[in-house]
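Below is one structure, written out as structure tokens; the observations come after it.
Just so it is clear, the structure is predicted and the values come from calculations on it, not from any experiment.
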Amino acid sequence: MANLGTWMQRIAQDWLVLELTGSGTILGIVTGLQFLPALFLSLPSGKLADRRNKRKLLILTNTLAGSAALTLGILVITDLVQVWHVMVLAVMLGIASAVDAPIRQSFVPELVGKEDLPNAIGLNAANFNAGRLVGPAAAGLLIAAFGTGPAFIINALTYPIVITALMMMNTTTLHNFGRASKSDGVRSALRYVKARPDLVATMILVLIVGAFGFNFQVVTALMARVEFGLGATSFGLFGTMIALGTVTGAVVVARFLEAPKLDFILKAAIAFGVIEIVASQMPTYWMFAAVLPLAGYAAMMVMASANSYIQSTVPDKLRGRVTGLYLMVFMGGSPVGSPIIGKISQDFGARFGLA
């Protein structure tokens, strides 16, 4: 339910920016602002995850994210919203997400243990992307009928469900891997990663793909509105088509008996790039939509495989900080990549931006 609301918020926010400004460049800036906190907070949040109670921290991050969604919904419904409101609240959501992500990712081993970790990461990704199957299409229908406001309100109402579930969790069943000491800081994690060329290579790959390849919300919004001249419902369907691929990919990764190898991650990234170029050349709305599941599948192969590889090969007491570094690299590239892709799409067309 919470993931459904998250995807509704993403679609509604992108469409709201286009309604307020009509600018692909501004859309790229707002997207970049939402991911900007990851650049500065993911690594410190990973340190928090290694030292503090992850469940309690997740309650705080979900409270912050829910408050941001509710505020934006009220501003839209009362017709007071301006683009700077969207920018500020995008940063607020980004802060919540940047702190939440490394804590949540490193919490997975405590829930299932190390033996089932690759499967759990795949299932976690499948759960997140299952919301993408329905969320974008539902948001598109809601926007077409009532505007963007209700999508933000619905997302805000899902956060109390998550918070309640975290509060009711039976903590005696969690796997205890111990916590890092105060002397174990960020630098020790950086030194560890630097000494592992395989981790450095994975993070460089994720940085490039995350910054310039994972800009679906920018390019598909512009493809729907500018290239094909269609409305919010059609834009929402693009998100659902991508989700068909990401959910399938997540289920495949969940069936892996062990963490994927580095060459598999590289091949998946190459396939993803080729598919995006093919998608950019599709001449009609439905042909473009038909290629998106393949793009989503390849994207999930890259994301879930890289995540599983890193979490399965680092020491327990370093997992939060290394995961934080991984997420900083993955999400932190977007503040650079999204505005660039948005500007390219604005000046030369969405197809060129996607390619």
Side-chain angles (χ1 to χ4, degrees), residues 3 7 10 31 35 105 118-119 121-133 135-136 198 201-224 235 237-256 258-282 285-312 326-327 329-331 333-334 337-338 341 344-345 350-355:
N3 289 330
W7 286 111
R10 290 188 179 187
T31 302
F35 289 98
Q105 294 282 359
N119 312 85
I121 289 173
L123 289 173
N124 186 39
N127 175 51
F128 178 70
N129 284 279
R132 197 175 191 172
L133 281 171
D198 57 327
T202 302
M203 291 190 184
I204 291 174
L205 178 65
V206 165
L207 172 64
I208 296 169
V209 175
F212 301 106
F214 287 10
N215 285 287
F216 289 126
Q217 61 195 96
V218 176
V219 292
T220 56
L222 292 170
M223 286 291 287
F235 171 42
L237 182 61
F238 283 162
T240 299
M241 297 302 288
I242 293 169
L244 287 173
T246 55
V247 170
T248 304
V251 171
V252 170
V253 173
R255 294 175 62 87
F256 288 173
E258 57 184 24
K261 305 300 184 197
L262 192 59
D263 63 334
F264 178 87
I265 303 169
L266 177 60
K267 291 173 184 176
I270 293 170
F272 174 58
V274 170
I275 292 166
E276 282 200 307
I277 293 172
V278 171
S280 73
Q281 302 306 307
M282 293 295 102
Y285 172 85
W286 288 110
M287 291 179 71
F288 178 74
V291 178
L292 291 180
L294 296 176
Y297 180 86
M300 180 52 60
M301 286 290 108
V302 178
M303 288 188 294
S305 298
N307 190 3
S308 179
Y309 179 81
I310 288 173
Q311 290 220 47
S312 298
Y326 162 75
L327 291 169
V329 168
F330 174 52
M331 299 170 66
S334 188
S338 291
I341 296 298
I344 290 172
S345 300
R351 295 182 183 278
F352 196 85
L354 178 57

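To the nearest 0.5 Å, atom CG of residue L266 and atom OG of residue S305 are 12.0 Å apart. Note that CG of L354 is 11.5 Å distant from CD1 of I344, once rounded to the nearest 0.5 Å. Here the straight-line distance linking atom CG of L292 with atom CD1 of I242 works out to 5.0 Å at 0.5 Å rounding. Remark: T202 OG1 to L262 CG distance equals 4.5 Å, nearest 0.5 Å. The CZ atom of F214 lies 4.5 Å from the CE atom of M303; values are rounded to the nearest 0.5 Å.
Here the closest heavy-atom approach between residue I341 and residue G353 is recorded as CD1-O, 3.8 Å. Scanning all heavy atoms of the two residues, the minimum distance from L222 to A350 falls at CB-CB, 3.8 Å. Residues V209 and A269 share a closest heavy-atom pair of CG2-CB, 4.1 Å. Across M282 and M287, no two heavy atoms sit closer than the pair CG-O, 3.6 Å. Among all heavy-atom pairs drawn from I275 and L294, the shortest one is CD1-O, 3.6 Å. Contact detail for A355 and I277: the closest heavy-atom pair is O-CG1, 4.0 Å.
The side chain to side chain donor-acceptor pair (under 3.5 Å) search around Y309 returns D198, not counting sequence neighbours. Every residue two or more places apart in sequence or in another chain that forms a side chain to side chain donor-acceptor pair (under 3.5 Å) with S338 is listed here: N215, S334. Y285 pairs by the side-chain contact (heavy atoms from CB on, under 4.5 Å) definition with F228, L230, S234, L237, F238, not counting sequence neighbours.
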message: Could you walk me through whether Y297 and V252 satisfy the side chain to side chain contact (heavy atoms under 4.5 Å, CB included) test, starting with their C-alpha distance in whole Å, then the side-chain angles of each, then the deciding distance to 0.1 Å, before giving a yes or no?
response: CA-CA 10 Å; Y297 180 86; V252 170; 4.0 Å; yes
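Proximity of E276 to F216: side-chain heavy atoms (C-beta onward) are separated by under 4.5 Å at one or more points. Two residues are said to be in side-chain contact when any heavy atoms from C-beta on lie closer than 4.5 Å; S345 and F352 fail this criterion. M241 has its side chain out of reach of F288: every pair of non-hydrogen atoms, C-beta onward, lies at least 4.5 Å apart. The closest side-chain heavy-atom distance from V247 to M300 is not below 4.5 Å. Two residues are said to be in side-chain contact when any heavy atoms from C-beta on lie closer than 4.5 Å; F330 and M203 fail this criterion. Counting heavy atoms from C-beta on, the side chains of F235 and M223 never come closer than 4.5 Å.
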